[in-house]
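Written below as structure tokens is the structure these notes are about.
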Number of protein chains: 2
Amino acid sequence: MIFPSSTTSLRIELSDKLFLRDPQATDLGRRLVGESIGLIDQIGFEHFTFKKLAQRMESTEASLYRYFENKHRLLVYLVSWHWAALRYQIRFHTHNVADAPERLRLVLRILTQAHHDDPTTTQLDEAALYRIVVSEASKAYLTKEVDSDNQAGLFREYKQLAADIVLIVQEINPQYAYPHALVSTLLEAARKQLFFAQHLPSLTDAPAATAIEQALYAFLENLAFAALMAGSAAR
Amino acid sequence: MIFPSSTTSLRIELSDKLFLRDPQATDLGRRLVGESIGLIDQIGFEHFTFKKLAQRMESTEASLYRYFENKHRLLVYLVSWHWAALRYQIRFHTHNVADAPERLRLVLRILTQAHHDDPTTTQLDEAALYRIVVSEASKAYLTKEVDSDNQAGLFREYKQLAADIVLIVQEINPQYAYPHALVSTLLEAARKQLFFAQHLPSLTDAPAATAIEQALYAFLENLAFAALMAGSAAR
DNA sequence: TTTATTTAATAGTATTACTATCATTTTAAA
DNA sequence: TTTAAAATGATAGTAATACTATTAAATAAA
């Protein structure tokens with residue numbers, strides 16, 4: 001992780017297992033990433049193909065395949081980028097906050113506001129990327145290849161983000177028996193509830209469309225602290 | 001919903017919007033459903049095709065396309081069948097339990113034991129079906145077509161299951177502000193945490209492989225009741 | 001038994017998901 | 001600055017996927 005330079009925003013470094021050739025290293029690669037976010041956001045991951053992307057970029061399929069083995073790997077790259085950016089934001093905003101409950105609240109605020117562009121990291125359309133993360137991130141690991149992909153380190157960013165938050169949870173209540181499950185549930189719920197609010201509203205308690213993020217924050221905060229404070233939570 | 005007859009187990013009736021021709025009505029249709037569960041469980045939904053299924057069944061692609069428009073519709077059908085079966089089980093086991101907290105505990109028990117074959121409904125390999133539900137159910141709605149699919153009624157079973165559980169939650173604490181969000185979070189977490197325990201264990205607190213379901217039940221029970229009992233939960 | 005319905009067999013199309021080859025341009029090293 | 005190396009573009013090609021259409025054969029209903 002490199003600190004933001006004076007001229008440009010921070011550069012997120014991702015494991016070289018996530019690509020064939022580093023897309024951040026070349027102009028075509030950077031355009032690939034930027035335009036793929038636009039296209040996936042527009043038509044969805046299942047309808048997305050490298051051919052369509054190449055047409056949009058006025059490049060060729062073969063050129064794009066030099067960066068990513070296939071579209072699934074590109075998806076893993078994009079969501080990993082998002083997790084890394086979130087992790088960076090969390091560190092940035094919590095590093096001088098001594099109170100652990102307050103740090104957890106900040107984390108939940110950041111999680112529920114992930115659809116806003118963050119001025120410290122934006123070199124990408126993060127709002128579009130977050131829409132992709134909400135709809136498509138689960139597909140990165142819900143495959144028959146999970147175990148080999150996991151062994152190859154493809155999910156490292158997500159696991160590290162979870163691990164960072166687990167530390168806060170454990171600081172709040174070292175006795176709590178399910179810190180990892182709680183954190184992954186919060187991370188997943190933040191996305192799922194937003195999706196439900198937008199598409200399957202009977203599965204959530206979203207109010208008017210504008211206040212979704214406040215309601216979502218309130219739900220997650222309530223859930224997290226209720227779990228951590230409940231007497232029966234300790235073992 | 002029809003009660004179990006003397007000779008055979010209950011027949012789950014699904015909305016006719018879920019198929020082109022009712023697969024329960026013919027021998028080929030029933031084989032389609034049964035064999036597709038085996039094949040999707042084996043190779044995963046992305047690798048599954050009607051051609052492979054036809055080969056396995058010694059039928060033809062064209063015949064199978066008469067039952068379902070495409071493989072996505074088949075997936076929606078299969079997971080809807082599972083939700084309907086769960087709903088039936090829940091009604092069956094809770095209908096004469098007066099105590100709402102006890103009913104919720106029963107629901108969570110059923111949710112975390114969904115991978116066992118239930119003797120009252122088994123005409124399908126429910127263990128294999130539940131493995132599919134865990135890995136693939138989210139893909140039923142995480143598409144660009146969610147809104148039109150939802151309008152067509154494709155997610156009715158899931159929404160009704162959630163609504164049934166919401167009633168219990170509201171009986172336990174009518175003041176609780178997020179009953180729908182809590183229920184959908186519990187439903188999603190039951191699947192996700194099982195998947196994590198099996199494939200990404202650092203995201204959960206699963207113990208030895210054999211005790212996953214007890215640990216998962218304990219986590220969900222703790223979470224649900226902590227949320228419902230917390231003083232701050234009321235608004 | 002005739003008619004209608006369902007299935008099987010076969011074929012065919014457009015798109016997807018790639019891989020290969022080679023010429024050309026861009027970049028980087030000597 | 002030349003020269004070599006690397007990256008891109010252009011073109012082509014293959015196997016698999018996701019279907020649709022047609023016709024014939026089998027089965028069931030009237």
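Here is how names work: the chains are called A, B, and so on, in the same order as the sequence lines, proteins then strands, and each is numbered from 1.
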Q. Between Arg31(B) (CZ) and dT6(C) (P), how many Å, whole number?
A. 17 Å
Q. Rounded to whole angstrom units, what separation is found between the NZ atom of Lys71(B) and the P atom of dT17(D)?
A. 9 Å
**Q.** Residue closer to the 5' end of DNA chain C, Gly29(B) versus Glu46(A) (nearest nucleotide)
**A.** Gly29(B)
Q. Taking the six-membered ring of Phe50(A), is NZ or CZ of Lys71(A) closer than 6.0 Å to its centre and within 45° of its axis?
A. no
Q) Which class fits the ring pair Phe196(A) and Tyr158(B): parallel under 30°, tilted 30 to 60°, perpendicular over 60°? A) tilted
Q. Could you state the NE2-C1' distance from His47(A) to dT16(C), rounded to the nearest angstrom?
A. 13 Å
Q: Look at Tyr67(A) and dT8(D) and indicate whether a side-chain polar atom (N or O) is within less than 4.0 Å of OP1 or OP2.
A: yes
Q) Does the base of dC19(D) carry an N or O that pairs as donor and acceptor with the side chain of Glu61(B) under 3.5 Å? A) yes
Q) Leu28(B) CG to dT5(C) P: how many Å, rounded? A) 18 Å
**Q.** Arg21(A) side chain, from C-beta outward: closest of dA10(D), dA7(D), dA9(C)
**A.** dA7(D)
Q: Please tell me which of Arg66(B) and Asn70(B) maps to the more 5' nucleotide of DNA chain D, matching each residue to the nucleotide holding its nearest heavy atom.
A: Asn70(B)
(Q) Is there a side-chain contact between Arg73(A) and the phosphate of dA17(C), meaning an N or O under 4.0 Å from OP1 or OP2? (A) no
Q | Atom pair distance, as rounded to whole Å: NZ in Lys52(B) and P in dA18(D) | A | 9 Å
Q: Could you check which of dA21(D), dA10(D), dA18(D) has an atom nearest any side-chain atom of Ala62(A)?
A: dA10(D)
Q) Closer than 4.0 Å, any side-chain N/O of Thr60(B) to the OP1 or OP2 of dT7(C)? A) no
Q) Rounded to whole angstrom units, what separation is found between the CG atom of Leu20(B) and the C1' atom of dC19(D)? A) 13 Å
Q. Salt-bridged, Lys139(A) to Glu46(B), with N to O below 4.0 Å?
A. no
Q | dT5(C) phosphate, OP1 or OP2, under 4.0 Å from Thr26(B) side-chain N/O | A | no
Q. Could you state the NZ-P distance from Lys51(B) to dT16(C), rounded to the nearest angstrom?
A. 18 Å
Q) Does the side chain of Ser63(A) get closer than 4.0 angstrom to OP1 or OP2 of dG9(D) through an N or O atom? A) yes
(Q) Starting the side chain at C-beta, find the nucleotide from dT16(C), dA8(C), dA9(C) nearest to Ser59(B). (A) dA8(C)
(Q) Rounded to whole Å, please give me the gap between CG in Leu53(B) and P in dA8(C). (A) 12 Å
Q) So, does Thr204(A) use its side chain to make a donor-acceptor pair with the main chain of Pro201(A) at under 3.5 Å? A) no
Q. Within 45 degrees of the axis of the six-membered ring of Phe19(A) and under 6.0 Å from its centre: does Arg73(A) put its NZ or CZ there?
A. no
